[in-house]
Amino acid sequence: MRVTLAKSAGFCFGVSRAVELVEQAASSGKKVATLGPIIHNRHVVARFESLGVRVINAPEEALPGESVIIRSHGVSRDVYERLQNQNVEIIDATCPFVKRIHSIVSRAEEEGALPIIIGTKTHPEVEGIAGWCGACQVFENRNELETWAKDHPELRNSSICIVSQTTSTESLWNSCVDFAKKQFTNLKIFDTICKATECRQSEAAQLSRICGAMVVVGDLSSSNTGRLAMICREHCKQVHLVDNASELKPEDFRGVRVVGITAGASTPAWIIKEVYKTMSEITNVEAVQEENFAELLEQSIKTLNTGDKVKGIVTSIGNTEVQVDLGTKHAGYIPYDEVSTDPSVKPEDVLKVGDEIEVFVVRVNDQEGTVQLSKKKLDGLKVWDDMASWVEEKTTVEGTITEENKGGLVANVQGIRVFIPASQSGIAKGGDMASMVGKTVSMKITEVNRARRRVIGSIRAVTSEARKAAQEKIWAEIENGKKYHGTVKSLTSYGAFVDIGGVDGMVHVSELSWNRIKTPADVVKVGDEIDVYVISFDPEKHKISLGYKTAEMNPWNQFMTNYQVGDVVDAKVVKLMTFGAFAEIIPGVDGLIHISQIADRRIGKPEDVLSEGQDVKVKITDVDAENKRISLSIRALLEDGEDAE
């Protein structure tokens, strides 16, 4: 005879979390009460009663100052609010998967949808879910749903939201959903069956198909235990639902070649171990079993120790924790704040169901078979190992600047605090280092002292390396006429120095503008990004002469492109002479208004009619392109009857 133990038997994540919260509260010396039995298992409840934990059935039974724990089934909004009015500490152990259903039905009602719940009407979880929406319908099977839908044909096009009790069966859920899809045209479906429940039920179905007898371990009042027994009975004729090992009878298993054992989500590990041990004694099962089932049991009940590094499979990602299958009877979970060193990272961004991960054991509860894990701590240990190699190999790494202090900057590199001295920050002395906070930067790790947990980094080492590479590239490819997009770094009286990508070149003042300028600041300022071209260069002296003004920028070329003889233009008088006045047509291009063309009468001198800075309308009468001379006339407009003012 062979005994097979289901790998998924026993505490689910929500139950193990609730039990652990009770243990923590009880061990802290607080007065503790649970709102209803913490789980559907009389042995666990009795043990907690021996520790002074009492069970209350209504919020009003709570005593002032008491710590009241809400069990994993959750409660309605009304019950929660009544509990808040009792002057007690509320410890909410509601399963994250159940809390999600609360949010779904509450939001559905707000959006005008009618929630439909598939589950047992009298189950505490279902009662709690129904209490988070004003109106809803609860159906225990497809027939009830069909009958109700037939009586309410007016709801066919209404907005409907359908959810399930977390411990419902896949067959029941799928049957109801299939009907709802055909019945309601505006239906939203949320598959809220707990994945751990799905796994446990699926494994029970598979195991019961190949076993001559099945033992289902759990409290008779447990809904999910009852469902497991029902599923097993669909495939196996002989199913025994037992509360503990004392209920096993040797005569029930005579002639049976293979016996399977599974357990409900409320069954503690120690009861499962006793049942397995008793079954082994009944069937005289030796140490070696086919398919290594004894080895499987050994794995399932082996002890984990704080500080161990273990591997596991991500089985679900809840609202507050990530559940991990360690291949043992321990229900492994990672609190959200232990997933990543970066608090902005969401667990679902770095983990997926089915991922194999290595984690660090933070705390083990062998009594109830739970273990708290940390991915962050193990990642941190690995990073310290990486740090040493980064120094040796001069690896460039990325980090986020988290703060500025007197000596420099502090960065977060994969969860490790890295100090960057001001001299290595890449910021000029007196510069604004605070502006770096929040930015992601590249750096080299230059020093690591693991014992003192001290790490030194340098941004400057990366920028210097990048600048050197850029310089080599520029000098290898530079040629006269080549264009660059650069940044003005500094100004002098004779020109502007421009960084063209690691190398500075100079634009002489005469190459900045076609117009007469007093200083380079008349054209550019430090920080401006401008396009320049190479006029000449000397690789030996590392000098580059650049040009900024181009033929397209030449004012005369612009004039010749846009104006012609006969055009009437607006001009500004810029200089008065004895023989006439010079007027600016566009910046850099002047024309002469001869004294004879200033007025339609004879005048003694130009200033009798005009003054410097005066805006006038003139007519272009002649253009000498070769000598770049332009003749203008106000008189021609007056004779033509046009306003010259």
Side-chain angles (χ1 to χ4, degrees), residues 12-15 17-18 21 34-36 58-60 68-86 88 90-140 144-145 148-149 152 154-168 172-173 176-177 180-181 183-198 223-224 316-323 336 346-348:
C12 69
F13 168 68
V15 170
R17 176 174 173 269
L21 287 173
T34 63
L35 188 54
E60 290 71 25
V68 179
I69 301 176
I70 297 174
R71 57 187 174 176
S72 59
H73 297 312
V75 295
S76 66
R77 182 189 282 115
D78 174 65
V79 170
Y80 196 91
E81 291 173 351
R82 283 160 53 198
L83 195 57
Q84 287 180 314
N85 295 329
Q86 292 303 114
V88 297
I90 299 175
I91 300 176
D92 193 352
T94 303
C95 173
F97 303 119
V98 176
K99 270 189 173 294
R100 174 173 174 261
I101 308 176
H102 292 174
S103 299
I104 291 171
V105 298
S106 178
R107 186 169 61 250
E109 184 182 48
E110 291 174 1
E111 296 173 353
L114 174 66
I116 289 178
I117 305 168
I118 305 301
T120 305
K121 295 182 178 68
T122 57
H123 194 281
E125 178 188 316
V126 175
E127 292 176 343
I129 294 169
W132 285 90
C133 51
C136 66
Q137 294 293 325
V138 180
F139 303 108
E140 297 190 357
E144 289 184 5
L145 175 59
W148 175 80
H152 296 84
E154 73 279 3
L155 297 178
R156 182 173 181 80
N157 297 318
S158 297
S159 182
I160 303 290
C161 162
I162 185 169
V163 299
S164 171
Q165 181 178 339
T166 58
T167 55
S168 182
L172 171 61
W173 169 249
C176 292
V177 168
K181 285 180 178 177
Q183 182 66 26
F184 305 112
T185 58
N186 190 11
L187 176 70
K188 288 186 177 180
I189 302 168
F190 295 90
D191 183 355
T192 52
I193 295 178
C194 174
K195 299 304 177 185
T197 298
E198 286 183 28
S223 174
N224 68 81
S316 66
I317 300 176
N319 294 328
T320 57
E321 298 104 345
V322 176
Q323 190 172 357
Y336 267 18
K346 297 179 180 178
E348 56 266 30

For G119 and E140, the nearest pair of non-hydrogen atoms, with its separation, is O-CG, 3.2 Å
Can you confirm whether H152 sits close enough to S158 that some side-chain heavy atom of one is under 4.5 Å from a side-chain heavy atom of the other? no
**Message:** Can a donor-acceptor pair be found, under 3.5 Å and without considering hydrogens, that links the side chain of E125 to the backbone of Q165?
**Reply:** no
**OP:** Could you go through the side chain to side chain contact (heavy atoms under 4.5 Å, CB included) check for L35 and V79 one step at a time?
**Re:** CA-CA 10 Å; L35 188 54; V79 170; 3.6 Å; yes
Checklist line | Heavy-atom side-chain proximity of V322 to I317 below 4.5 angstrom | finding: yes
Heavy atoms of K181 and L187 approach each other most closely as N-CD2, 3.7 Å
*Using the six-membered ring wherever Trp is involved, compare the ring planes of W132 and H102 and label them parallel, tilted or perpendicular (cut-offs 30° and 60°).*
parallel
Taking the side chain as every heavy atom from C-beta outward, state whether F190 and I101 have any atom pair closer than 4.5 Å. no
Exercise. Keeping the roles fixed (side chain from R156, backbone from A149), state whether a donor-acceptor pair exists under 3.5 Å.
Key: no
Rounded to the nearest 0.5 angstrom, the CD1-SG distance for I118 and C176 is 4.0 Å
| message | One pair to check against side chain to side chain contact (heavy atoms under 4.5 Å, CB included): N157 and F184. What are the steps and the verdict? | response | CA-CA 6 Å; N157 297 318; F184 305 112; over 6 Å; no
* To do: Show your working on side chain to side chain contact (heavy atoms under 4.5 Å, CB included) between F139 and I162 and close with a plain yes or no.
  => CA-CA 11 Å; F139 303 108; I162 185 169; over 6 Å; no
Counting C-beta onward and ignoring hydrogens, is there a side-chain heavy-atom pair between Q84 and I90 closer than 4.5 Å?
yes
Can you check side chain to side chain contact (heavy atoms under 4.5 Å, CB included) on I117 and V163, steps first, answer last? CA-CA 5 Å; I117 305 168; V163 299; 3.9 Å; yes
OG1 of T166 to NE2 of H123, rounded to nearest 0.5 Å, is 7.5 Å
**Prompt:** Got more than 12 heavy atoms from elsewhere within 6.0 Å of NZ, K121?
**Reply:** yes
Rounded to the nearest 0.5 angstrom, the CG-CD1 distance for D92 and I70 is 4.5 Å
Minimal heavy-atom distance between A135 and P115, with the atoms involved, is O-CD, 3.3 Å
Separation between SG (C194) and CZ (R100), nearest 0.5 Å, reads 11.0 Å
For this session: Indicate whether the side chain of D78 and that of S76 have a donor and an acceptor atom separated by less than 3.5 Å.
Result: no
Nearest heavy-atom approach of R82 to A58 is NH2-CB, 4.2 Å
In short, E321 meets P96 closest at the heavy-atom pair OE1-CG, 3.5 Å
d(N186 CG, C161 SG) to nearest 0.5 Å is 11.0 Å
Here the gap from D191 atom CG to S164 atom OG, rounded to the nearest 0.5 Å, amounts to 7.0 Å
Answer yes if the side chains of E111 and S159 hold a donor-acceptor pair under 3.5 Å, and no otherwise.
-> no
Closest non-hydrogen contact found for L114 with C136 is CD1-CA, 4.0 Å
